[in-house]
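Here is the structure we will look at.
We count ligands from 1, going down the list as the structure has it; atoms in each ligand are counted the same way. Since this is a predicted model, take the numbers as computed values, not measurements.
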Amino acid sequence: MDINNIPVIAIDGPSASGKGTVAQLVSESLGFHYLDSGSLYRLVALKAIRIGIDLNDEEALENIAQNLDVTFAGRKIQLGVEEVADLIRQEIYGNGASKVAGHPRLREALLDRQRAFRKDPGLVTDGRDMCSVVFPDATLKIFLTATPEIRAKRRYKQLMKKGEGVNIATILEDIEARDKRDSIRSVAPLKQSKDSIFIDTTLLNITEVVNKILKQHSEISNKSI
Ligand code: CDP
């Protein structure tokens with residue numbers, strides 16, 4: 001099968017807009033593969049912070065990205081022999097990810113790795129540049145967002161559940177700083193691509209968002225039959 005005929009549902013949006021949860025549920029419902037592209041940036045940040053690399057050192061970060069020994073299996077993420085799926089969700093690595101993600105050479109080094117997730121019967125992926133750079137020919141493109149206050153509340157609940165001691169005011173500040181950094185960078189900035197469908201999730205629950213996306217997908221699939 002021509003790889004370009006394999007369907008891709010690409011979901012972009014700002015921090016804590018619910019993309020990850022929604023994308024995972026959509027992929028499970030369709031039996032598609034799933035790529036959380038942010039985890040790659042988080043993994044590079046984790047490795048760089050551990051080795052003590054300056055997050056402005058583009059060459060060293062590119063090197064880490066090229067040699068990332070990572071295995072994804074369901075919800076598990078293994079770096080070398082270490083299970084890191086929970087660890088990389090910590091805010092320190094989210095903020096680190098947003099810093100390393102501004103380097104073009106590092107982004108380039110992660111491109112093929114991301115595109116390799118496009119496998120039969122299909123892929124659901126989420127990030128910042130899935131619709132614009134990584135899968136510009138995606139079959140369905142979604143831009144998910146919500147107000148910063150609602151996103152801070154969601155992230156607060158998520159981190160509390162994981163036992164991270166967090167403060168909602170600090171989370172809101174971090175979210176606003178990350179939105180700004182992700183939107184103004186020169187390479188692959190966070191913005192809605194023209195051909196994507198805008199969904200504001202401020203007043204929607206996860207199931208409502210998942211159903212909206214599944215409905216769009218089924219309309220597109222029926223058209224192409
Ligand atoms: O879960 P959350 O949306 O907070 O973060 P994430 O999706 O894991 O991404 C962490 C950071 O990686 C973001 O703030 C972006 O700067 C960067 N990122 C990116 O530049 N491009 C992507 N495709 C995915 C993430």
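- The backbone N or O of Leu110 sits less than 3.5 Å from a side-chain atom of Gln114, completing a donor-acceptor pair.
- Using modelled atom types, no side-chain atom of Ser27 and backbone atom of Val124 make a donor-acceptor pair closer than 3.5 Å.
- No option in Arg89, Arg75, Arg128 other than Arg89 meets the salt bridge (Lys or Arg N to Asp or Glu O under 4.0 Å) test with Asp36.
- Protein neighbours of ligand 1 below 4.0 Å, counting non-hydrogen atoms: Ser15, Ala16, Lys19, Ser37, Gly38, Tyr41, Arg42, Arg89, Ala97, Ser98, Ala101, Arg107, Gly127, Arg128, Asp129, Met130, Arg155, Arg178, Asp182, Arg185.
- The side chain to side chain donor-acceptor pair (under 3.5 Å) search around Arg42 returns none, not counting sequence neighbours.
- Judged by distance alone, with hydrogens and angles left aside, the side-chain atoms of Ser17 form no donor-acceptor pair with the main-chain N or O of Ala146 at under 3.5 Å.
- In this structure, Leu35 and Leu123 approach most closely via the heavy-atom pair N-CD1, 3.8 Å.
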